[in-house]
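Computation of the quantities below employed the complete heavy-atom set of this structure, encompassing side-chain atoms and omitting hydrogens, waters and symmetry-equivalent molecules.
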Amino acid sequence: MADKKNAVVKLNLLEPRATEKTYREIAKRTYVFPVDKSASKQQIAKMVEDEFNVTVTDVRVLTRKGKKTKYSKGKHAYPGITHRQDKKFAYVTLKEGNSIKVFEEQEDVKTSAKDAKASKKDKKADKNAGKEKK
């Protein structure tokens, strides 16, 4: 038992979830991370604080059970059913004023791409306006 408590828990903190739902949660200062199935809330909070230098106020954990899948070794034969692996996600809420820079960098890239598209449209409009004057 002592070995389990002292074991280092692997967290995928460098790979946060990037979905529509998680972007809505970011507005509430909540970030979603896939974590190891054996990770506790205290371990998750400590790892996030150490990794990103922020203050964690709340940790919620969600475990999604793996789906059943049929497998076959021949035509029309289903000898059995297996399960996909369970997945565990941590919803980490930060203290007001704190944020994680990983998400802000992604947003900056998106806005710069939008600015580039807008400038291309402006150039086309200017070019077309020049042709109409002739």
Side-chain angles (χ1 to χ4, degrees):
M1 285 301 266
D3 294 335
K4 256 189 181 177
K5 288 184 179 179
N6 294 332
V8 176
V9 178
K10 283 175 55 177
L11 300 178
N12 296 328
L13 296 180
L14 299 178
E15 301 174 11
R17 298 266 302 171
T19 62
E20 291 178 13
K21 182 178 179 180
T22 58
Y23 283 115
R24 284 193 304 264
E25 292 292 320
I26 290 172
K28 303 173 195 172
R29 299 182 330 270
T30 301
Y31 298 86
V32 182
F33 299 98
V35 295
D36 189 37
K37 288 182 271 187
S38 63
S40 67
K41 290 182 179 183
Q42 293 82 10
Q43 291 171 330
I44 294 167
K46 187 175 185 306
M47 289 294 289
V48 171
E49 287 176 351
D50 293 344
E51 184 79 22
F52 297 107
N53 297 324
V54 293
T55 305
V56 175
T57 58
D58 184 37
V59 177
R60 293 176 287 142
V61 177
L62 167 74
T63 303
R64 290 192 182 143
K65 300 292 180 187
K67 292 182 178 181
K68 291 181 182 179
T69 57
K70 293 181 181 180
Y71 64 91
S72 171
K73 291 190 176 183
K75 192 174 184 181
H76 306 297
Y78 288 106
I81 295 176
T82 186
H83 289 83
R84 293 183 183 155
Q85 289 185 347
D86 296 343
K87 296 179 183 178
K88 188 172 185 178
F89 297 98
Y91 286 72
V92 179
T93 304
L94 304 179
K95 184 178 178 182
E96 193 162 339
N98 289 342
S99 64
I100 295 176
K101 302 294 183 199
V102 175
F103 295 100
E104 292 174 6
E105 291 172 2
Q106 290 175 356
E107 290 173 6
D108 291 341
V109 170
K110 288 181 183 177
T111 56
S112 64
K114 287 181 183 177
D115 293 340
K117 286 183 181 179
S119 65
K120 284 183 181 179
K121 286 182 181 179
D122 291 340
K123 287 179 182 177
K124 282 185 179 180
D126 292 340
K127 193 174 185 181
N128 290 337
K131 287 181 181 179
E132 290 174 3
K133 288 181 182 178
K134 291 180 181 181

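Under a 3.5 Å cut-off, the side chain of E25 and the backbone N or O of V32 do not form any donor-acceptor pair.
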Please tabulate, for the side chains in residues 86-98, all donor-acceptor contacts under 3.5 angstrom to protein atoms that are two or more places apart in sequence or on a different chain.
residue, atom, partner, partner atom, Å
D86, OD1, G66, N, 2.7
K88, NZ, K37, O, 3.2
K88, NZ, A39, O, 2.7
T93, OG1, T30, OG1, 3.2

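Nearest heavy atom pair, residue P79 against residue S72, reads CD-CA, 3.7 Å. In terms of heavy-atom proximity, I100 sits nearest to Y31 at N-OH, 3.4 Å. Residues I81 and K68 share a closest heavy-atom pair of CG2-CB, 3.8 Å. Heavy-atom minimum distance, S99 versus V54: O-CG1, 3.7 Å. Residue T69 comes nearest to R84 through the heavy atom pair CG2-NE, 3.5 Å, listed as atom of the first residue, atom of the second, then distance.
How far CD of E20 is from CZ of R24: 6.5 Å, rounded to the nearest 0.5 Å. Within the model, atoms CD of E49 and CD1 of I44 stand 12.0 Å from one another, a figure rounded to the nearest 0.5 Å.
For D50, the side-chain hydrogen bond (donor to acceptor under 3.5 Å, both in side chains) partners two or more places apart in sequence, or in a different chain, are K46. With sequence neighbours left out, K21 forms a salt bridge (Lys or Arg N to Asp or Glu O under 4.0 Å) with no residue at all. Not counting sequence neighbours, T82 has no partner by the side-chain hydrogen bond (donor to acceptor under 3.5 Å, both in side chains) test.
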Could you walk me through whether V59 and V61 satisfy the side chain to side chain contact (heavy atoms under 4.5 Å, CB included) test, starting with their C-alpha distance in whole Å, then the side-chain angles of each, then the deciding distance to 0.1 Å, before giving a yes or no? CA-CA 7 Å; V59 177; V61 177; 4.2 Å; yes
